[in-house]
Amino acid sequence: LSGTDAISGATYTYTGTSGTSYGPLTTAPSAVGSYLITPSVATFSSGSSSNYVITYATGTLTISQAAQATLSMSSDSTVEFGGSLTLTTTGGSGSGAVTYAVTTAGNAGCSISGTTLSVSGNAGATCAVTATKAADASYLVASSSAQTITVSTRSITVTASSPSIAFGAAVSPSVSVTSGTLSGSDAISGATYTYTGTGGTTYGPLTTAPTAVGTYTVTPSVATFSSGSSSNYAISYSAGTLTISQASQATLSFAVTSATLGSSTTLATSGGSGSGTVSYTLVAAGTATCSLSGAVLSYTSGGTCTISATKAADDSYFSATTGSVTFTVSGPSTATSTITAGSASITADGTSTSTITVQLKDSTGTDVTTNAATVALSTTAGTLSSVTYVGAGAYTATLTSPTTVGSATISGTLNSLAMTDTETVTFVVGAAAKILVVTAPVAGASEADLSTQPVVRITDANDNTVTASTASVTIAPSAGSM
């Protein structure tokens, strides 16, 4: 430039290059990339452009990714034993996703899923977590400083139960967690209990359970963990109330409320108090068709009936009853179980067979599908094999025919009790096999008819008369003619 002439600027045109798409525009770009800068119309702050022949040359503008603002962990630095923590950050720049990683495992058993940190270590254990915000088109990747996470104790309230018991019954309080929760498989099996009389009852405080009628506060302490450790918990204790009432018997219940068909049951009870005698009542015979004689309960079918027991009062206790109790007789019903024959008619030849099937059914007529009874079968004719269980509550035996025609009635028992159902199988004549002379011929005069004509009978192989046959019969005399 001449003398004091000076150029203060120009008009700039920007065009993307090297893979950057932009312009040409006179508006400056802002996105990361490479751009050609083409100047024109130089502006003279001193002098005039008319005195010059100006040639313009391009330059290059490079915009690179910037460093993000400082990224910091903003979530809590403690997490309850067995709990989880939602991880958060502050700072960073751009649209990159934030991820988290355990950078120092420590002994806290830390694991991360998405933004959730979970711990499995004991209270006091630690680990370190770092956040990373991914790069985007404008900003480089950024990571936070590691944050130390400490496992804190878990707050729970342990409360004693409030049992109400009868005089003479065992005092057995228990505890439960009424505020907060235990972690995982941790479990409290008990505690130390301190008993103090209240509401006019004088007692304690003692750790020995009272036995006298009255009202007592039950204060738990020193919880016993059957799984886990108390050191992982901040435990608050809450008292319950023990009430011991007067002179009611302990709960009276039946020692046995079920039986198997085929025998009777001598009823017995458990519980109750005092020296009163026990009596029994059949409330309803039910589907088991029960009957009661003294304490002996009998039944004729699978099903149920209803019974009750009463223990009489004595000088110290009121009477007690079980109330109505369902007594269940397992096994099939003799009234509904069935006997069927595979073949209702077989040949009376001593070898033909029919499969006899017993299907167990309950009192409603529904098939019993298990081997639930001892089944025996008998027949009035022919022979029966032993009974075999074939599955699905079914039993079979093989009936073999006799050699004479007729019929057989098959009956059965379940656990030695007679079944209602029976089955009939008919034994029929076999194929024609013989001709038997019933009436022998008697000769007459020479060249005359026999004075007594022969009579013959067609029979099967076992001499049973064939009453219908398509067989051809040929009779030829040894002398004379027909």
Side-chain angles (χ1 to χ4, degrees), residues 68-93 96-134 141-163 172-196 205 207 217-241:
Q68 294 187 39
T70 300
L71 182 68
S72 301
M73 296 287 297
S74 59
S75 46
D76 291 341
S77 61
T78 61
V79 58
E80 273 195 347
F81 167 73
S84 60
L85 174 68
T86 299
L87 300 172
T88 58
T89 60
T90 58
S93 305
V98 177
T99 58
Y100 302 91
V102 177
T103 51
T104 303
N107 55 359
C110 295
S111 61
I112 296 174
S113 176
T115 60
T116 302
L117 170 74
S118 300
V119 295
S120 60
N122 293 325
T126 62
C127 68
V129 176
T130 298
T132 298
K133 187 174 177 64
V141 66
S143 294
S144 70
S145 299
Q147 181 184 37
T148 298
I149 305 295
T150 302
V151 180
S152 63
T153 54
R154 192 181 186 102
S155 296
I156 59 173
T157 298
V158 173
T159 300
S161 61
S162 295
S172 301
S174 61
V175 289
S176 60
V177 176
T178 56
S179 177
T181 58
L182 295 173
S183 174
S185 61
D186 285 2
I188 296 175
S189 58
T192 297
Y193 303 100
T194 300
Y195 303 88
T196 307
T207 56
T217 58
V218 184
T219 304
S221 62
V222 192
T224 302
F225 279 70
S226 57
S227 176
S229 172
S230 61
S231 62
N232 290 318
Y233 295 88
I235 306 175
S236 299
Y237 292 96
S238 179
T241 301

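Source: prediction; values computed, not measured.
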Under 3.5 Å, side-chain donor or acceptor atoms of residues 223-231 against the rest of the protein: list the pairs with distances, not counting sequence neighbours.
unit_1 : atom_1 : unit_2 : atom_2 : d
S226   : OG     : A187   : O      : 3.4
S227   : OG     : S185   : O      : 3.1
S229   : OG     : S231   : N      : 3.2
S229   : OG     : S231   : OG     : 2.8

Is there a side-chain contact (heavy atoms from CB on, under 4.5 Å) between V177 and I188? Walk through the geometry before answering.
CA-CA 9 Å; V177 176; I188 296 175; 4.1 Å; yes
What pairs of residues pass the side-chain hydrogen bond (donor to acceptor under 3.5 Å, both in side chains) test when at least one of them lies in residues 73-85, not counting sequence neighbours?
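Sorted pair list: S74-T88.
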Test log, rule side-chain contact (heavy atoms from CB on, under 4.5 Å), inputs T181 and R154:
CA-CA 8 Å; T181 58; R154 192 181 186 102; 3.0 Å; yes
Evaluate the side-chain contact (heavy atoms from CB on, under 4.5 Å) criterion for residues M73 and L87: first the C-alpha distance (whole Å), next the side-chain angles of each, then the deciding distance (0.1 Å), finally the verdict.
CA-CA 8 Å; M73 296 287 297; L87 300 172; 4.1 Å; yes
Enumerate, atom names and distances included, each donor-acceptor pair closer than 3.5 Å involving a side-chain atom of residues 106-121, sequence neighbours excluded.
unit_1 : atom_1 : unit_2 : atom_2 : d
N107   : OD1    : T126   : N      : 3.1
S120   : OG     : G109   : O      : 3.3

With sequence neighbours left out, write down each residue that passes side-chain hydrogen bond (donor to acceptor under 3.5 Å, both in side chains) with T153, or none if nothing qualifies.
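Per chain and number, T153 pairs via side-chain hydrogen bond (donor to acceptor under 3.5 Å, both in side chains) with no residue.
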Nearest 0.5 Å, please: how far is OH in Y195 from OG1 in T207?
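Those atoms lie 8.5 Å apart.
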Atom pair CD1 (I156) and CG (D186), whose distance is rounded to the nearest 0.5 Å
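Reported value, rounded in 0.5 Å steps: 9.0 Å.
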Side chain to side chain contact (heavy atoms under 4.5 Å, CB included) partners of S238, counting only residues at least two apart
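With sequence neighbours excluded, S238 shows a side chain to side chain contact (heavy atoms under 4.5 Å, CB included) to T157, T159, given in chain and number order.
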Pairing residues for V98 by the side chain to side chain contact (heavy atoms under 4.5 Å, CB included) criterion, not counting sequence neighbours:
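With sequence neighbours excluded, V98 shows a side chain to side chain contact (heavy atoms under 4.5 Å, CB included) to T89, Y100, A131, K133, given in chain and number order.
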Side chain S93, main chain A69, donor-acceptor under 3.5 Å:
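Flag set: sc S93 to bb A69 pair under 3.5 Å.
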Taking every non-hydrogen atom, the tightest pair across A191 and P220:
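A191 and P220 have their closest heavy atoms at CB-CB, 4.2 Å.
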Contact summary for S72 and S144, nearest pair of heavy atoms:
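Here S72 and S144 meet closest at CA-CB, 4.1 Å.
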